[in-house]
Amino acid sequence: MTSCAPPPVLESSTATVDPIVKPAQFLVGKTADELKALMKELGQPAFRAEQLHQWLYVKCERDYDKMTNLAKGFKEVLAAQYGVGPLSVVADQQSADGTRKFLFKTPATEKKPSQNIESVLMHFRDRDVRSVCISSQVGCAVDCSFCATGKMGFKQNLTVAEIVDQYLLAQHLSGEEVRNIVFMGQGEPLLNYDNVVQAIRILNQSAEVGIRHITVSTSGIVPKIYQLAEENMQIVLAVSLHAPDDETRSRIMPINTKWPVADLMEAVHAYVAKTKRRVTIEYVMLKGVNDSQAHAHDLGRLLKGLKCNVNLIPYNPIGDEYDFERPSNEVIVRFLDTVMTYGKKVTVRLERGVDIAAACGQLANQYQ
Ligand code: SF4
């Protein structure tokens, strides 16, 4: 079980220039075998790797001084060469509903500048479940018209360590056990495929997050859905469909012109056939765009025969310059009832953190 360190006091940095660091200079992101190899290289006994593994991934400790079973001299050697994790904390905002939005900073390297990224920690009190929504990229190239992240454009992929570190820091800063991870923050996870898959393996095998408690959400990168099906990972795949027909979907998701609805559904059926896992179909509800009864019937028919649940996401406002509105509750309930007549389980996503721009589609580093 996870036992997290208490929250630290946040300190603001006075540095004006971000130091250049090499990505390999962090311990977070290394697998158990890589830690063993490192200990061998440093002339340490093999059990040191297991001790470090526990401190990093199970106790979520950030401070070498608090790793009490490591020898002082060894800690000094480590600290001189390796940081614990790559991310530093820039801001920590709390919503009225208890949701926390973290702004983290990635390290500058010789190849890329430092960037800010966001993660959101949600507490669903009715079930006493904590879930962290993490980012896979800085910005996003997919440019869905209802999404603040898409408006930032694509900046860079996150490394394995930067992805894993969001989860570890969420636990460390909150001092709470977080057992669910959703890849629904900034970025399209399947466009940073190798790093996301490796991060999932570390989160599962090292941080001990149940693989069925990890959800990857995609806008529909068709070739990568086929590839993911071959990974033999029992994750939850969430597909952002958002419209049942090409005309409506292309209007709000430009990626539909590359991989239209029929191609996407073929890939999703193949994924379910291969993994035997139920998928989640996500559907953001936009007033007057995709919320009609005709859309609801088309959606029900499209999903016939697919092992899936449907999650309706009432649109969250992201600024006056976007001309979308949220449908009324009556429209949403009618839409839900209609899709349910096709034998689907349909839920409406509970809003979290709207007041701090932490809800779905709102992540755009607004602290900046
Ligand atoms: S909804 Fe997801 S895929 Fe679409 S622009 Fe936003 S982050 Fe990218």
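Counting convention: from 1, in listed order, for ligands and their atoms alike. One-based numbering along the sequence shown.
Within ligand 1, the atoms closer than 4.0 Å to a non-hydrogen atom of Gly187 are 7 (S), numbered from 1 in the order shown. For ligand 1, the atoms sitting less than 4.0 Å from at least one non-hydrogen atom of Gly150 are 5 (S), numbered in the order shown with element in parentheses. Atoms of ligand 1 found under 4.0 Å from any heavy atom of Cys144, numbered from 1 in the order shown, are 1 (S), 4 (Fe), 5 (S).
Atom 8 (Fe) of ligand 1 has no N, O or S atom of Cys147 closer than 2.8 Å.
Applying the ring pair (Phe, Tyr, Trp, His ring centres under 6.0 Å) test to every pair with at least one member in residues 174-231, sequence neighbours left out, gives no pairs at all.
There is no side-chain donor-acceptor pair under 3.5 Å between Gln205 and Thr31. With hydrogens and angles left out, the side-chain atoms of Gln186 and Glu118 include a donor and acceptor closer than 3.5 Å.
The closest heavy-atom contact to atom 8 (Fe) of ligand 1, among the options Gly185, Cys140, Ser145, comes from Cys140.
Of all heavy-atom pairs between Cys308 and Lys344, the closest is SG-CD, 3.9 Å.
Using a distance-only test at 3.5 Å, with no hydrogens or angles considered, no donor-acceptor pair links the side chain of Asn290 to the main chain of His295.
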